[in-house]
Novice: 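Right, I'll just put the structure down here and ask away after.
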Amino acid sequence: MTQTAERLLSYRDAINEALRQEMERNPDIVLLGEDIAGAAGRRDQGFVDAWGGPFRTTQNLIQQFGEDRVRDTPISEAAFIGAAIGAAAAGMRTVAELMYMDFVGVCFDQLLNNAAKMRYMYGGNVQLPFTMLTRIGAGVGSAAQHSESLYALMAHIPGLKGVVPSDAYTAKGLLTAAMRSNDPVIVFEHKLLYGLQSHVPEEPYELEIGKARTVREGSDVTLVGISRMTQVCLEAADALAAEGIDAEVVDLLSVFPIDYDHIADSVRKTHRMVVVDEDTPTCSVAADIAATVGEEAFDYLDAPIMRVQAPHTPVPYARNLELAYIPDATRVANTVRQQLGA
Amino acid sequence: MTQTAERLLSYRDAINEALRQEMERNPDIVLLGEDIAGAAGRRDQGFVDAWGGPFRTTQNLIQQFGEDRVRDTPISEAAFIGAAIGAAAAGMRTVAELMYMDFVGVCFDQLLNNAAKMRYMYGGNVQLPFTMLTRIGAGVGSAAQHSESLYALMAHIPGLKGVVPSDAYTAKGLLTAAMRSNDPVIVFEHKLLYGLQSHVPEEPYELEIGKARTVREGSDVTLVGISRMTQVCLEAADALAAEGIDAEVVDLLSVFPIDYDHIADSVRKTHRMVVVDEDTPTCSVAADIAATVGEEAFDYLDAPIMRVQAPHTPVPYARNLELAYIPDATRVANTVRQQLGA
Amino acid sequence: MEITQEALRKMFATMVTIRNFELRAFTEVGQRSLRGALHLSVGQEAVPTGVCAHLTDADYLASTHRGHGHCIAKGVDVRGMMAEILQRATGTNKGKGGSMHIADMTKGMLGANGVVGSSVPLAVGAAMAARQRGSDQVAVAFFGDGAINQGVVHESMNLAAIWKLPVIFVCENNQYAESTPVEYATPIPDLAERARGYNIPGVVVDGMDVFAVYDAAGAAIGRARAGLGPTLLECKTYRYYGHAAFDNPKNYRTTEEEDAWKARDVIAGFRERAVAEGLLDAAELDALEAEAAQLIEDSVRFADESPEPDLSELLTDVYLDTPTNALARTAHL
Amino acid sequence: MEITQEALRKMFATMVTIRNFELRAFTEVGQRSLRGALHLSVGQEAVPTGVCAHLTDADYLASTHRGHGHCIAKGVDVRGMMAEILQRATGTNKGKGGSMHIADMTKGMLGANGVVGSSVPLAVGAAMAARQRGSDQVAVAFFGDGAINQGVVHESMNLAAIWKLPVIFVCENNQYAESTPVEYATPIPDLAERARGYNIPGVVVDGMDVFAVYDAAGAAIGRARAGLGPTLLECKTYRYYGHAAFDNPKNYRTTEEEDAWKARDVIAGFRERAVAEGLLDAAELDALEAEAAQLIEDSVRFADESPEPDLSELLTDVYLDTPTNALARTAHL
Ligand SMILES: Cc1ncc(C[n+]2csc(CCOP(=O)(O)OP(=O)(O)O)c2C)c(N)n1
Ligand SMILES: Cc1ncc(C[n+]2csc(CCOP(=O)(O)OP(=O)(O)O)c2C)c(N)n1
Ligand SMILES: [Mg+2]
Ligand SMILES: [Mg+2]
């Protein structure tokens, strides 16, 4: 058997493993969502776990934990996500899946007015061990209503936390941390990352929510990546390295709290920054980072902070348009070159 | 009778007048909302217009335009705001009121996935003359669920436009422009401004959506105000003037599109900027302006762009906490002093 | 259903406490020029009282913007409630929530809630938690005749029905949502009819009669505890005052209508019936009223003697572990 | 209800066009390795066909993620639809929307929609517009058995009911929402039962019989045009294929169940009945089938001959008047 530290696991399997291990450890955890198992109510006909989740991140869990802890739901996001929040307030630990982030509008009130505000408006009189899983990202040809990222909407809301794992290792660690937290945490899975493999320890571990990490050291410019954009930044850094430009890459990992200090430290070293964000640009996480780090590291900046973002448009369907929509390594590298005045 | 240009009108009455004049001009306009008239269905019992809107902005309209054009609705925001969008697509011109912006969560999907995206995902095959009225702002002791501003959520969504009138004059002009637009526009009324009077022409007029205005010229620092914060900036500018600090005040007026050029021009003159925003700070309009103008006017900046915002918390109930929550002239003036190194 | 004398006393005390509390809070808020909406449930006291008579602290309750009655009936400390409304650090919620957000998890009180319909799924979740841990706890969701047209209420009833959760949906049909009459907003005479769409019992209850509420709620709660699933109770009742302070209900309803409902006032009616049927005597009832009046008096004094919240509270209770200065990074407080 | 021969021909043509279109689109999308979900309504053709037989271009229709049948029955150009799915500039929506967002306002087609339940209030609004202008136009909202548990669907039915709007709510109960059986997600055997909660007619319809759908829809649409308000039709039907390409329905349903439904296939059934009753003869039906096949063939050729969207289209159609460069300010395209 391979060494733990060397074991390769996909992002999808890392999520599945985090759920399984935490549910084993803690009998209070309940999972809710649409088709997270599938064939609901038909075990007696020999059908169970028909889907294992729309992207198979929850497969095999119902076999191990049963219908009461792995609950398929009707298409009633406001009710079942609200119920997950209520159950958390009543002493359970709940994980609810919103199939796509684009659907957040149908349950937005529950997140905005209950999950985010209950503790504050109740003067501390409640714990909310509630995690919401959802998925983001364009690139699968699913057009305007199944491709957005929109984590900036959640980051804007005081009381919520949000994590954006960029590979299998961070997916397991952040999801585990989310499930152990008594604050509401939203975990944004990126659809294009499910197949990506990385080294993932077998034992459970937590990554601290609110901490960024440096995934590549460099001295000329800081690239900040969010979710899959971290992979894009690494690709761009490789391309730039070939030209003698040494880029540092910071993987944001949390969209709230945002680890401004980590980023600012990097910028104080490199004196330049490009933030890469697949979300729409206006009032985005990238804009927020540019504003805050732009203020706090102002004296260290040799060039304006730049952003590579999606355009301020919905996501188009046709492949050529969709490819133009998503920030890629070419756009990132070009922006760095422009910033360096090359 | 007073001269047109000198006529004083309150913000509330300016909104009412804009609605009335546009509805007179254009028989296709229909108004929908909860208690926008009141006593729905009881005209035959002698009751009509019992409320005229929760803040009396729609009063007397039902008498003039009748039940079909001024429709009280059940508490079903997703349905009636969705219906207003559908009716707009079907050739009507609709104005729907969401009583408080804090409630946007119950109809968020209709704004995010229909109003904002229909034209794009339909390849241009639809017009959407739909206006949503809503109200924002803390300061009325209504706590966490009736006090937020949250316009940044809407600004983040491609396809929506948003205006934030800061006085009666801009309220009438922007609302009129919204009602004449074939794009979906959200009009954010500030609760604390309803009583504020200013000079308002009697005849209908439009203010261009997406344009900021300079309300005070100055040379030392640019203050950018959003909605009521423009009044706060003017107050701060007065205080600073007494110390010999000459502040320019820009009134944003639109939160999408944002008039970056206007602001950047001001900053190129003053070399300093403070953005004042009552909305919560993370991924806010203030952060967006700081990031974009910080990039585009980088070479002109003598100091980091600073922001005066609400803290990243829900709105508290107790008066002393609520007052501490809302940015005021003292906080703005102190920030300017800090920026000037005084 | 049988009621013990003890229960009768408790119900009467609860009703007079609710009424006194609200009228006094209204006066105090007005005299102190505190802002913020206060929604009085005066006239509707029978509903929370009759329902909560069957509950213990272990059971759950989700409430609305008109929640004082629910809180008091569920046993939330009245002094803390008054202090909350009067913006004191000793309030149930440190003065940070106010009238619309009173909550106390130790009493199973999941919170008053200012967004119509929004708290209903919280009760469904609490009931799911109860089932999960194998207890016989139940959860009650109160909501209004206006709220029944909110999507989430519909979704919640369906969810509770398919999972047979121990939830009691109590629709307080007080005839109005703000100034909108129920007969305008819904096309059916009895809102309880909607229960059929979820294959659960739907019961129309006289919400001006605490005995009727007690009986109907007892049956529904019994069903729920026995694992038979949810019930929808429509309690027909009336709010005597406006939607909130600014509202004059004379603008949308007749005096005759008001008088007809007030003629069936639950507190007067209870007294009459209790005495007539020899359940409780007048002196006992007087004593209970005096006690309630004293409790309210105490609660105002308690609030008056309490400090306002410390300014540092602005930044607490958002997250458990995020440093508060991180929350004010750009606020320049 | 009487049906003209012309109408019969049209209905048969519509059904075979829908089926051919979907099967061909499925093949083409697969062969070209285009991504994106394609939801086939094969098996359900009777429903849009029987309903839309009563509509003109002036009437409105709001559709779902499974919308090809609705579009075709409503008269949207089949070539444009194929081009849309195959990502061409000549698509109904310039290739920017794809299968899930086909719309054509000139046909009253308010759009397919990828968010479950989301399009239903759009139909309510279109119906309101019709009433406002005093026309006898109607609006049809199609949605699934899964969608009926979405809050907005409930709200929409209530709104249409109290305003007596000319909306026909057509619930296509194809027994599943993705892999979730309807009997798990809803606690009632007939979803039409929910109509009672809005005091509107609720009718269970055999969705595998286009004559039955035609009759029930005719009555409902007649009521709507006459100003009598909305109707809820529950059409019981079946999707023959998976939810989308990746889904194998054998994982949640039996072959016997599938076979039982397919034995009642609407196209085969129609042919049989039309010939048996002498309504249309076999040669005529063959000709209609051939025509449909030709149309689909043409549509693929049309798409093949069309260019992909110009890259500049990325930034158009967001706003009417905002300069496109303002939309790409930080994109560094
Ligand atoms: C989602 C939402 N829409 C609108 C409001 C404004 N509002 C507060 S109370 C109320 C009426 C509620 O009526 P009902 O449910 O009958 O309760 P009642 O006030 O009669 O107790 C409305 C419309 C709100 N708080 N939330
Ligand atoms: C709000 C929302 N939740 C979940 C989904 C994912 N989803 C797409 S189709 C579907 C099932 C819909 O079932 P039904 O309404 O019966 O329509 P059918 O697919 O059977 O035609 C689901 C859950 C979605 N698109 N929107
Ligand atoms: Mg009411
Ligand atoms: Mg279905």
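This is a predicted model, so every value here is computed, not measured. Reminder, nothing fancy here: chain letters follow the sequence lines and each chain counts from 1.
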Novice: Please step through side-chain contact (heavy atoms from CB on, under 4.5 Å) for the pair B:Asp68 and D:Arg131, ending with a clear verdict.
Specialist: CA-CA 9 Å; B:Asp68 282 350; D:Arg131 274 291 114 141; over 6 Å; no

Novice: What part of B:Ser181 gets within 4.5 angstrom of chain D, counting heavy atoms only: side chain, backbone, both, or neither?
Specialist: neither

Novice: Using 0.5 Å steps for rounding, measure from the CZ atom of B:Arg119 to the CG atom of D:Leu320.
Specialist: 3.5 Å

Novice: Which pair of heavy atoms, one from D:Gly125 and one from B:Ala87, lies closest together, and at what distance?
Specialist: O-CB, 3.3 Å

Novice: Using a 3.5 Å distance criterion without hydrogens, assess whether the side chain of D:Gln132 forms a donor-acceptor pair with backbone atoms of B:Met92.
Specialist: no

Novice: First locate atom NE2 of D:His101, then atom CG of B:Asn125, and finally report the distance between them rounded to the nearest 0.5 Å.
Specialist: 14.5 Å

Novice: Do you know which of D:Leu165, D:Leu314, D:Thr106 has the most heavy-atom pairs with chain B at a distance under 4.5 angstrom?
Specialist: D:Leu314

Novice: Decide yes or no for B:Met118 and D:Leu122: does some side-chain heavy atom of the first lie under 4.5 Å from some side-chain heavy atom of the second?
Specialist: yes

Novice: With a 4.5 angstrom heavy-atom cut-off, could you sort out which part of D:Gln137 is near chain B: side chain, backbone, both or neither?
Specialist: neither

Novice: Just verifying a value: how many Å separate B:Leu32 CG and D:Trp163 CH2, rounded to the nearest 0.5 Å?
Specialist: 5.0 Å

Novice: Check B:Lys117 with D:Asp317, please: is the shortest side-chain N to carboxylate O separation under 4.0 Å?
Specialist: no

Novice: Tell me, out of B:Val106, B:Asn113, B:Asn114, B:Leu128, who's got the most heavy-atom pairs with chain D below 4.5 Å.
Specialist: B:Asn114

Novice: Considering non-hydrogen atoms only, spot the tightest contact between D:Lys96 and B:Gly123 and give its length.
Specialist: CD-CA, 4.3 Å

Novice: Do you know which two heavy atoms are closest between D:Val152 and B:Ala79, and how far apart they sit?
Specialist: CG2-N, 4.2 Å

Novice: Would D:Asp321 and B:Ile209 count as a side-chain contact (heavy atoms from CB on, under 4.5 Å) here? Give the steps.
Specialist: CA-CA 10 Å; D:Asp321 55 3; B:Ile209 295 170; over 6 Å; no

Novice: Would you check, one step at a time, whether the test side-chain contact (heavy atoms from CB on, under 4.5 Å) holds for D:Met100 with B:Met121?
Specialist: CA-CA 9 Å; D:Met100 268 193 290; B:Met121 66 190 185; over 6 Å; no

Novice: Give, as side chain, backbone, both or neither, the part of B:Phe256 having an atom under 4.5 angstrom from any heavy atom of chain D.
Specialist: side chain

Novice: Mind checking the CD-CZ spacing from B:Glu295 to D:Arg329? Nearest 0.5 Å is all I need.
Specialist: 9.0 Å

Novice: Using a cut-off of under 4.5 Å on heavy-atom pairs, state which of D:Val124, D:Asp104, D:Asn113, D:Thr330 scores highest against chain B.
Specialist: D:Asp104

Novice: For B:Tyr300, I'd like to know if atom OH has over 12 heavy atoms of other residues, nucleotides or ligands within 6.0 Å.
Specialist: no

Novice: Using non-hydrogen atoms and a 4.5 Å limit, figure out which bit of D:Val318 sits close to chain B: side chain, backbone, both or neither.
Specialist: both

Novice: Quick one: pull up CE in D:Met157 and OG in B:Ser76 and give me the separation to the nearest 0.5 Å.
Specialist: 12.0 Å

Novice: In Å, rounded to the nearest 0.5 Å, how long is the span from OG of D:Ser118 to CD1 of B:Ile85?
Specialist: 8.0 Å

Novice: Report which part of D:Asn158 has an atom under 4.5 Å of a heavy atom belonging to chain B: side chain, backbone, both, or neither.
Specialist: side chain

Novice: So, for B:Tyr122 and D:Leu110, which heavy atoms are closest and what is the spacing to 0.1 Å?
Specialist: OH-O, 2.9 Å

Novice: Does any backbone or side-chain atom of D:Ala112 lie under 4.5 Å from a heavy atom of chain B? Answer side chain, backbone, both or neither.
Specialist: backbone

Novice: Could you tell me if the side chain of D:Leu327 sits less than 4.5 Å from the side chain of B:Pro158, heavy atoms only?
Specialist: no

Novice: Does any heavy atom of chain B fall under 4.5 Å from the side chain of D:Ala326, the backbone, both, or neither of them?
Specialist: neither

Novice: Under 6.0 Å between ring centres, would you say that holds for B:Tyr120 and D:Tyr319?
Specialist: no

Novice: With a 4.5 angstrom heavy-atom cut-off, could you sort out which part of B:Asp261 is near chain D: side chain, backbone, both or neither?
Specialist: both

Novice: Measure B:Glu77 against the heavy atoms of chain D and call it side chain, backbone, both or neither at under 4.5 Å.
Specialist: backbone

